[in-house]
Amino acid sequence: VVVASQPPNILNPEGAPPAQGQPVRPARRSRLSWLRALPLLARPVTVTMPWVTLLTGCLAGIVYLAVMARLVGASRSPLGPGVIRLAFLPAVAALAFVPRAPFRPLTQTVPVPAWVAPTGHLLLAVPVLAVTCWAQLRIIAHTIPPHVLGHPPAVYPLIAQLTGWCAVTVAAAACTGRSRYADLGGAIAAPVSFAAIALACYAPITSRFLAEPPATPHGVTIAWYAVASAAAALSCVAMRDRWHRYARSLHRRSPPGPAPRGTNERTSASDFGRQG
Amino acid sequence: VNIHTAARSTGDAGGPGLTGPAPGRPATAALSLAAAEASLLLRSVLLLAGLVAGGLVIWRAVSPTELLWWDASWQIGYGQVILAVTVLAAAQLAAGRPRRDGMRELYDSFPVSAATRTAAQMAGLAGVLPASVLLAGTAAVVIQARGAIGTPAPGVLAAGVLLVIAAGAAGIALGTRFPHPLAGILGALALFALSTESRLFDTYGVAGGGLPWLFPWTVPDPGQLGYLPGPLTGYPPGGVHAVELAGIAALAAAAALAVTAGRPRHRMLLAATGIVAAAAICVSGAAQLQPVPAAGLNRLVSAAVDPVRAEHCTTVGQVRYCLYPAFGSLLPAFQAPVRGVLAEIPARPADGLTIAQDLSLTLDDPSLAHGHTGQQLARWKAELQTAPASTGTAPAIYTPVGSWPAPRFALALRVAEWAVKFPAGGSPGTGCVPADQAREAIAIWLAITATRTSPAQLAAGQNLIGQRGAGTPSIAVVQGRPVTLWTYPAQYVPTAGDAATASAGGGAGVFPAGPQTTATGFLLAESMTSLPASRVERVLDAGWPVWLNWHTTDARLAAALGIPMPSVSTGVSPPPATAPGPGSGPPQAPLCTT
């Protein structure tokens with residue numbers, strides 16, 4: 001849980017509490033005043049980052065690829081791109097657990113927006129994923145015989161595809177985090193992402209644009225970056241969204257105005273009780 | 001939640017319930033818990049998604065191929081792999097629930113021990129049995145309804161169900177130690193990778209040919225199962241593999257229970273179970289590494305070298321049909337296109353017509369040939385060199401096993417080519433080219449008419465001529481002149497040999513022996529289909545011997561029918577007078593001159 005130390009200048013930037021007998025007004029502060037707390041948040045964000053989960057997923061794929069490369073190395077035959085895609089799936093699965101924001105109802109009451117911590121985790125995950133991708137590409141490159149005829153397949157469509165997978169996974173995780181299944185988080189987002197990836201690759205309609213062949217490398221690259229952009233936008237919207245928008249019954253919406261106290265607790269309690 | 005469900009169910013039924021003291025009846029509590037776990041597992045979204053995805057995988061695997069039960073039984077297993085992957089993840093989630101939610105102390109406060117809960121979860125795997133059996137049963141019914149050849153292999157189908165159970169047990173074992181959901185996902189990915197990438201061990205010939213059978217599920221690559229004329233003992237070893245999967249399930253169950261078992265007597269029992277399971281895995285693994293019996297391979301090679309001798313032949317309407325014993329039910333399907341062509345031609349050639357199946361067999365498949373001496377393999381390979389598929393000699397029109405029912409048009413065209421007296425045979429892929437010969441268009445028109453194939457359905461091949469699509473035209477140089485070829489759909493018949501060649505990184509494929517059809521011939525035939533059939537028949541009847549002459553040109557046929565002559569541009573400039581070197585241009589091909 002990211003709960004930063006709360007300096008007075010952030011908690012109550014406009015001065016002392018209201019005097020006795022005066023009406024309580026919500027403290028007005030600048031919309032960007034929380035930016036001053038970012039340096040203080042760096043450490044807790046780094047500490048609460050699920051490093052073990054992410055590194056386990058990344059290392060699992062690298063180890064798998066290294067074993068496969070070792071096994072087929074004797075035959076001097078290159079590993080296909082399908083193997084590297086499969087090897088990247090554990091990292092994608094681990095990424096699904098990164099943007100989780102436990103105790104969201106609590107963290108969104110502090111002055112710093114609740115999406116800062118998950119975003120910080122994602123930013124920390126980016127270089128790890130990049131290094132994983134680089135390592136896997138290096139392993140694949142080592143399996144290509146030195147004097148092979150012709151050019152090896154282009155890497156940029158593969159990178160675009162993996163980027164798209166990551167973005168879809170983050171979007172799925174962010175959306176799951178705003179749902180009543182937030183407690184399961186990545187356990188739901190990862191299978192959902194895998195299903196989306198499988199559909200993109202094997203459904204006749206989508207595979208025409210997202211799979212190579214029949215799509216061209218340029219087409220695949222553009223299509224996957226478009227998917228990644230859309231997924232990133234969806235992630236932003238989902239991360240900024242509020243918990244109570246995802247009450248279990250849409251028919252029992254509270255009237256306009258501030259939600260009654262306890263709505264979140266009731267929803268959370270009932271939801272947690274059904275998660276099995 | 002499951003504890004409470006079980007408690008409610010027992011309480012409602014008048015039993016002691018889990019909330020009350022029930023230390024003396026752990027079996028009852030375990031059964032109640034197992035029923036609740038089974039119900040939850042069966043209703044799990046993951047499992048239901050796996051069921052749907054498994055069905056799609058099976059459909060995708062079997063729908064484009066000839067349905068042979070000795071192959072389809074293993075393809076059904078790939079659907080079970082998908083189900084097993086989801087069951088593993090769901091079981092891990094369920095088993096890791098107490099520790100993941102930080103409620104271990106709460107669970108421990110219940111009168112049911114952790115060991116009983118784990119045993120109940122293991123028994124709850126019975127909940128996936130209906131899903132797995134439903135998947136296998138539905139697939140079997142659909143495949144049988146579509147006219148599959150042979151009979152289902154019960155051992156292989158049972159192995160698929162055992163795979164799902166073993167995956168569930170492994171998921172529980174994983175969940176009792178690693179409650180984080182990522183552990184289940186990684187386990188599921190590992191199972192998926194082991195089942196799909198095990199083909200690499202065959203493709204790259206890693207560590208011997210029998211090794212892939214030890215993986216949870218595998219179909220050999222290059223897959224020859226779908227090209228065999230019947231089941232081959234030990235390829236793959238289905239029954240023994242089921243024993244291995246049962247052993248894995250038992251071992252995983254013992255490992256899961258060992259975490260929570262408290263009493264020494266229970267631990268001893270679990271240790272003994274684990275030892276027996278490990279022994280069963282080892283013994284079954286050793287059995288799977290045994291080579292395919294030489295007698296079976298001898299019969300297979302003989303069936304490939306001299307197909308007609310191994311087949312049952314039937315003569316119907318002066319046409320001899322020879323089919324492998326298991327394929328007798330296909331006789332009417334073979335007769336239809338042949339009868340259609342023969343009904344259209346004004347006069348039949350004097351020589352007889354034989355339609356036969358042949359077998360494209362390769363012994364470069366390590367999982368098929370491993371364990372046999374090099375001398376024995378060399379002898380078999382030498383024999384296979386004399387097979388019709390290798391020599392291209394054609395005393396009969398051959399249809400490879402595993403390609404039916406795709407090439408109905410191909411069979412009709414081969415019969416039509418026989419009817420217009422094209423030379424049969426030639427090495428595969430190097431048949432003669434009937435450039436500017438009217439009989440070629442007539443043969444294609446006969447095949448289209450006999451099979452009622454819409455010319456639009458042949459568009460895939462038409463794309464290759466570069467006229468209406470973006471495909472690259474296939475060019476052959478015939479007597480110094482470039483000719484655009486036409487590859488009709490299903491002309492390329494993938495065979496086991498192709499699969500072996502392609503996986504080795506070479507070869508484009510084997511075309512059936514016979515003339516290479518040209519784009520001009522197809523376009524002229526397509527124009528002929530736009531005319532009334534009676535008008536075409538009248539023109540053909542009037543000068544049948546003339547049309548069969550290889551000197552009769554397409555233009556003459558077009559003029560007789562009153563249709564414009566199609567023009568095809570090769571986009572290739574004529575080669576120089578000197579013969580080009582190998583690889584310096586389009587391939588040379590002989591002209592059909594008989």
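Keep in mind the model is a prediction, meaning the values are calculated, not measured. First the proteins, then the strands, lettered A, B, ... as listed; each starts at 1.
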Practice item. Can you measure from CG (A:Leu89) to CZ (B:Phe192) and round to the nearest 0.5 angstrom? Key: 8.0 Å
Point to revise | Contacting moiety of A:Pro90, where chain B heavy atoms sit under 4.5 Å | key: both
**Study point:** Atom group of A:Tyr202 that falls short of 4.5 Å from chain B, counting heavy atoms
**Key:** both
Review point. More than 12 non-hydrogen atoms from neighbouring residues, nucleotides or ligands closer than 6.0 Å to CZ on B:Arg177, yes or no?
Key: yes
Check your understanding: What are the two closest heavy atoms between A:Ala187 and B:Ile185, and how far apart are they?
Key -> CA-CD1, 4.4 Å
Review point. At a heavy-atom separation under 4.5 Å, does B:Leu182 approach chain A through its side chain, its backbone, both, or neither?
Key: both
**Study point:** Proximity breakdown for B:Leu56 and chain A, heavy-atom pairs closer than 4.5 Å
**Key:** neither
Check your understanding: So what's closer than 4.5 Å to chain B heavy atoms on A:Ala93: side chain, backbone, both or neither?
Key -> both
Review point. Taking non-hydrogen atoms and a cut-off under 4.5 angstrom, which of residues 126-134 of chain A neighbour chain B?
Key: none
